[in-house]
Amino acid sequence: MPSSLNVGLVGIRTAEIDTLVPALQAQKRFVIATIYDSCYHAARELSAPLKAKPAASLTQMLAKNDLQGVIVLNSSWQRSQPIFMSCLYQIPTLFVPQPEQSDPFVADQLLKLSNDQRTLLMPAYTHRWSPAVLRIQELSATCLGPVETITLYTASFETNRLTRHLDWSWNLIQSVPVQVFAGETTQIDLMFHRKQSDHTPVKASFILSEEKHALAILTFRNGTLTFHDDQHLTWSNGAEEHQEELSSDRSSQSVMLDLFGRRLSGGLVPVPILEDVVRNQAICEKIMLSRQSGQVEQFQG
């Protein structure tokens with residue numbers, strides 16, 4: 001296991017750079033070794049204080065023998081060319097921001113290429129690692145039991161937002177959808193297969209609402225939980241209600257980088273992969289079909 005991990009940054013002219021660089025520096029295992037951007041001047045300016053080397057081209061960056069990973073800060077940058085290239089060079093890649101912005105054809109091509117080259121491509125699904133979501137998983141595994149329903153309130157059914165909601169729900173249920181009904185203009189209902197075959201499916205409902213008191217309400221076998229935001233939740237498994245404020249917990253970005261570093265070091269910790277992106281896009285297509293037909297759409301397999 002290497003004592004330090006040399007990573008390259010690609011496409012740095014994004015808002016994420018202001019938080020990503022300090023987060024990388026806080027994780028002692030990472031060394032920002034090289035930086036590439038289509039604007040060489042921008043790469044050179046950022047490289048100087050970090051003592052990194054600006055790369056004149058993407059090929060030059062990826063050909064470095066001592067590079068363990070690449071972080072692409074814009075997944076749609078040049079239609080994912082940096083991600084295709086990193087696959088060909090077999091360099092594990094974390095792409096930020098979240099990949100729902102890529103179109104299905106690009107995602108499918110990337111999936112095939114990464115499988116052929118056996119290269120890790122990790123989408124930055126940071127919503128999976130917010131303090132509140134990690135706490136929900138702890139409570140489900142201990143006192144609340146399995147999730148039974150999810151009611152999630154959203155301001156719109158815009159595709160990018162809907163994809164995040166789908167992955168957020170799947171991450172808590174950890175199972176595949178059975179059917180979807182999107183015939184109502186203000187609600188989408190999904191039924192997820194439960195791993196325990198003797199139980200009814202888990203229902204997830206996405207409801208259009210401007211209400212701000214909660215983002216989601218979840219019921220479990222042994223209680224209920226209200227998800228207010230990424231750092232606040234309220235739950236009960238009986239008469240007593242518990243309110244939790246989790247602002248002192250690690251940020252989702254910190255957890256993401258830690259998991260990426262573990263994979264670069266040879267660990268087998270579970271992380272988001274391109275199959276998750278393709279799955280979410282397929283579910284979105286079924287939702288659109290149900291909306292157009294007004295009928296329930298079934299999922300195969």
Side-chain angles (χ1 to χ4, degrees), residues 75-76 80 97-112 123-128 130 133 136-137 140 146-221 224-227 272-301:
S75 63
S76 60
S80 299
Q98 294 187 20
E100 52 267 20
Q101 296 176 8
S102 62
D103 63 55
F105 175 78
V106 171
D108 189 58
Q109 293 299 306
L110 282 170
L111 176 59
K112 292 176 181 177
Y125 276 149
T126 51
H127 53 259
R128 293 190 183 185
S130 74
V133 167
I136 291 172
Q137 292 172 327
S140 179
V147 62
E148 295 190 337
T149 67
I150 295 176
T151 304
L152 193 150
Y153 300 97
T154 181
S156 78
F157 290 147
E158 178 264 335
T159 303
N160 291 352
R161 187 187 298 267
L162 184 57
T163 306
R164 284 193 294 274
H165 296 337
L166 287 169
D167 193 78
W168 192 91
S169 301
W170 177 90
N171 182 53
L172 292 175
I173 299 169
Q174 288 291 305
S175 189
V176 295
V178 178
Q179 65 182 36
V180 59
F181 177 66
E184 301 292 334
T185 58
T186 60
Q187 183 165 332
I188 296 170
D189 293 322
L190 290 120
M191 304 300 289
F192 285 81
H193 173 73
R194 192 189 294 274
K195 291 182 179 179
Q196 301 92 335
S197 59
D198 57 326
H199 291 286
T200 56
V202 179
K203 183 178 181 181
S205 298
F206 305 154
I207 299 174
L208 280 177
S209 174
E210 296 299 327
E211 294 291 331
K212 301 299 182 184
H213 70 281
L215 294 182
I217 296 174
L218 296 82
T219 64
F220 298 81
R221 181 180 297 168
T224 60
L225 183 147
T226 300
F227 175 87
I273 52 178
L274 274 178
E275 278 87 346
D276 298 332
V277 178
V278 173
R279 180 198 65 242
N280 291 332
Q281 290 175 336
I283 297 173
C284 276
E285 290 177 3
K286 286 286 189 180
I287 289 173
M288 294 304 107
L289 286 174
S290 177
R291 174 139 294 177
Q292 292 167 7
S293 68
Q295 302 296 317
V296 171
E297 291 288 334
Q298 304 289 338
F299 292 90
Q300 303 296 321

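Heavy-atom basis, side chains included; hydrogens, waters and symmetry copies ignored.
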Between Asn171 and Gln137, is there a side-chain heavy-atom distance shorter than 4.5 Å? yes

Value for CD1 (Ile136) from CG (Leu218), rounded to nearest 0.5 Å, stands at 5.5 Å

Heavy atoms of other groups near Glu184 CD, more than 12 under 6.0 Å:
no

> Ignoring hydrogens and geometry, is there a side-chain-to-backbone donor-acceptor pair from Asp276 to Ile273 under 3.5 Å?
Replying inline: yes

Nearest heavy-atom contact between Pro272 and Tyr125 is CB-CD1, 3.8 Å

message = Test your reading of the model: is there a side-chain donor-acceptor pair from Ser290 to the backbone of Gln295, 3.5 Å cut-off?
response = yes

Phe192 and Ser175 have their tightest heavy-atom pair at CD2-O, 3.4 Å

Looking only at heavy atoms, the pair that brings Phe157 and Thr185 closest together is CE1-O, 3.8 Å

Separation between CZ (Phe220) and CD1 (Ile150), nearest 0.5 Å, reads 7.5 Å

| query | Above 12 or not: heavy atoms from other molecules or residues under 6.0 Å from NZ of Lys286? | reply | yes

query = Can you check whether Ala182's main-chain N or O pairs, donor with acceptor, with Arg291's side chain at less than 3.5 Å?
reply = yes

Closest heavy-atom pair, Ser205 versus Asp189, reported as atoms and distance to 0.1 Å, is OG-OD1, 2.6 Å

I'd like to know whether the aromatic ring centres of Phe227 and Trp168 sit less than 6.0 Å apart in this structure. yes

In this structure, CG of Asp167 is separated from CG of Asn280 (nearest 0.5 Å) by 4.5 Å

Tell me if a side-chain donor or acceptor on Thr219 pairs with a main-chain N or O of Thr149 at a distance below 3.5 Å. yes

